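Since the structure comes first, as structure tokens, the remarks are kept for the end.
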Amino acid sequence: MKDSYGRTIDYMRISITDRCNLRCRYCMPEGIEVIPMEDLLTFEEIVEVCTQAALLGIKKLKVTGGEPLVRRGAPSLIGMLKKIPGIEDVTLTTNGVFLKKYLNELLENGLRSVNISLDTRDEKVYQSITGRDDFSMVMEGIEAAVGAGMKVKINTVLLEQCNAEEWPGMLELARKYPVDVRFIEIMPIGMGRNYRGVSNSELIKKLKEKYPSMKKDDRIHGNGPAKYYTIPGFLGSVGVISAMHGKFCDQCNRIRMSAQGEIKPCLCYGNAVDVRKVLRSYEKKDVQRKEALCRVLEEAIIKKPQAHCFEKREEITENKKMVSIGG
Ligand code: SAM
Ligand code: SF4
């Protein structure tokens, strides 16, 4: 379906939990309260929403969180989503800690592509960012996923205060493995407001200095706004996602659903439509249920604003933490 600015909306990110095993300082600080389980959409409800979304033209789904792999049965949900008519691809975003543990189940359920968030290759820096000592488990997850032939993207957020100089180490992953290493600019959402991110334009300058033979890579790597580069001798590519210093709202193709069923038209604004209310106010057999679901999904797409306003902080109306939105 097209939104009111003519953009085709065919991608939905679905957060399946607001819980997480890590405490990344810019996302989920210690002590944050979580939503009661009964307020989260059940898997059955998630599948119902996605089935309706597919009828409106959503073709790609990303399962995210919180940490999706801490919700029991997450691999089987991926299997269910993959079976929805019209859904062409289902991918997962994870912090990687439990990836090795669930890899076989994920593969059995048809997962072929995974995004792994990792901000450093230094164990101490990892501990200081995430509050946990699980670095080696993430590395094992990356190796296991690559070994199983999965398409792997590694997402890194560079913060002036914590890991600004970690990019050369992260790039080594793209040298050694056929993975895309992507640098994502921090956005002023939730705890992210307290941090200054490294600008990708500055980063690209540094990359070009270190790797003068780096070239733009025009192949399509996915369905997002990343720009890619190749470096001779590297098995993988390097990507940048520059929400702050390279606004790409004119190509935005997505909506987001939170774990409790709020569909957000844009990351920047707090407004959302409530699919849980629809699902829980109509009986399953009620013919109006589908129609009502369709109407709220359409509303979310129609209400997509033309652009985010991250550069004007006073206009940002989203007050939730990223962990409950899903990134
Ligand atoms: N737990 C999973 C993970 O870490 O991949 C999925 C959820 S997490 C919210 C998704 C992504 O959002 C992570 O890559 C994280 O680094 C990123 N993220 C969190 N807060 C952010 C912010 N304020 N700006 C940009 N990215 C952010
Ligand atoms: Fe958890 Fe992912 Fe947020 Fe880190 S970025 S706290 S792993 S949800």
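No experiment lies behind these values; they were computed from the predicted model shown. Throughout, numbering of the chain's residues begins at 1 and tracks the sequence.
For the pair Leu92/Tyr102, no side-chain contact is recorded, criterion being any heavy-atom separation below 4.5 Å from C-beta on. Using a 4.5 Å heavy-atom cutoff, the side chains of Tyr126 and Leu22 are in contact. Looking only at side-chain heavy atoms (C-beta outward), Arg71 and Met37 come within less than 4.5 Å of each other. Asp119 places none of its side-chain heavy atoms less than 4.5 Å from the side chain of Glu166. Side chains of Lys304 and Ile9 form a contact here, defined as non-hydrogen atoms less than 4.5 Å apart. You'll find the side chain of Leu69 reaches within 4.5 Å of the side chain of Leu106, heavy atoms only. No side-chain heavy atom of Thr93 sits under 4.5 Å from any side-chain heavy atom of Val63. Val275 is listed as a side-chain neighbour of Leu293, based on a closest heavy-atom distance under 4.5 Å.
Applying the side chain to side chain donor-acceptor pair (under 3.5 Å) rule to pairs touching residues 262-273 yields Ser258-Glu262, Lys264-Glu318, sequence neighbours excluded.
Cluster annotation: Met12 is connected to Val296 through the hydrophobic network of ILVMFWY side chains, with a link wherever side-chain heavy atoms come within less than 4.5 Å. The same ILVMFWY cluster, assembled from side-chain heavy atoms under 4.5 Å apart, contains both Ile204 and Leu171. Val157 is not connected to Ile316 by any chain of hydrophobic side-chain contacts under 4.5 Å among Ile, Leu, Val, Met, Phe, Trp and Tyr, and they are in different clusters. Linking Ile, Leu, Val, Met, Phe, Trp and Tyr whenever their side-chain heavy atoms come within less than 4.5 Å puts Phe135 and Val114 in one cluster. Under the 4.5 Å side-chain heavy-atom criterion for Ile, Leu, Val, Met, Phe, Trp and Tyr, Ile46 and Met80 are members of the same hydrophobic cluster.
For the residue pair Asn21 and Glu67, no side-chain donor N or O sits within less than 3.5 Å of a side-chain acceptor on the partner. Side-chain contact of Asn163 with Thr120: a donor-acceptor pair under 3.5 Å is absent, judged by distance alone.
Minimum interatomic distance between Gly270 and Thr317 (heavy atoms only, all atoms of both residues): N-OG1, 2.9 Å. Minimum interatomic distance between Pro29 and Arg23 (heavy atoms only, all atoms of both residues): O-CD, 3.7 Å. Taking all atoms of both residues into account, the shortest heavy-atom contact from Met187 to Met322 is CE-CE, 3.9 Å. When all heavy atoms of Gln52 and Cys294 are compared, the closest pair comes out as NE2-CB, 3.5 Å. Val179 and Leu173 make their closest contact through CG2-O, 3.6 Å (heavy atoms, listed as atom of the first residue, atom of the second, distance). Shown here for Val273 and Ala300, the closest heavy-atom pair between the two residues is CG2-CB, 3.8 Å.
Around CZ of Arg313, the count of heavy atoms belonging to other residues, nucleotides or ligands within 6.0 Å exceeds 12. In the displayed structure, Lys227 atom NZ is contacted under 6.0 Å by at most 12 heavy atoms of other residues, nucleotides or ligands.
The line from CZ of Arg121 to CD1 of Ile154 is 9.0 Å long, rounded to the nearest 0.5 Å. Taken from OG in Ser76 to CD in Glu108, the straight-line distance is 11.5 Å, to the nearest 0.5 Å.
Using a distance-only test at 3.5 Å, with no hydrogens or angles considered, a donor-acceptor pair links the side chain of Gln161 to the main chain of Arg196. Listed for the Arg25 side chain is no donor-acceptor partner under 3.5 Å among the backbone atoms of Tyr195. Side chain of Arg276 to main chain of Asp39: a donor-acceptor pair is present (N/O by atom type, distance under 3.5 Å, no hydrogens or angles).
Judged as a ring pair (Phe, Tyr, Trp, His ring centres under 6.0 Å), and not counting sequence neighbours, Phe43 has no contacts. With sequence neighbours excluded, no residue forms a ring pair (Phe, Tyr, Trp, His ring centres under 6.0 Å) with Tyr229.
Electrostatic pairing of Arg295 and Glu298 does not count as a salt bridge here, judged by no charged N lying under 4.0 Å from a carboxylate O. Between Glu45 and Arg289 there is no salt bridge, since no side-chain N of the basic residue sits under 4.0 Å from a carboxylate O of the acidic one. Salt-bridge check for Lys206 with Glu209: failed, with every basic side-chain N at 4.0 Å or more from each acidic carboxylate O. A salt bridge between Arg182 and Asp180 is absent, with no side-chain N of the basic residue lying under 4.0 Å from a carboxylate O of the acidic one.
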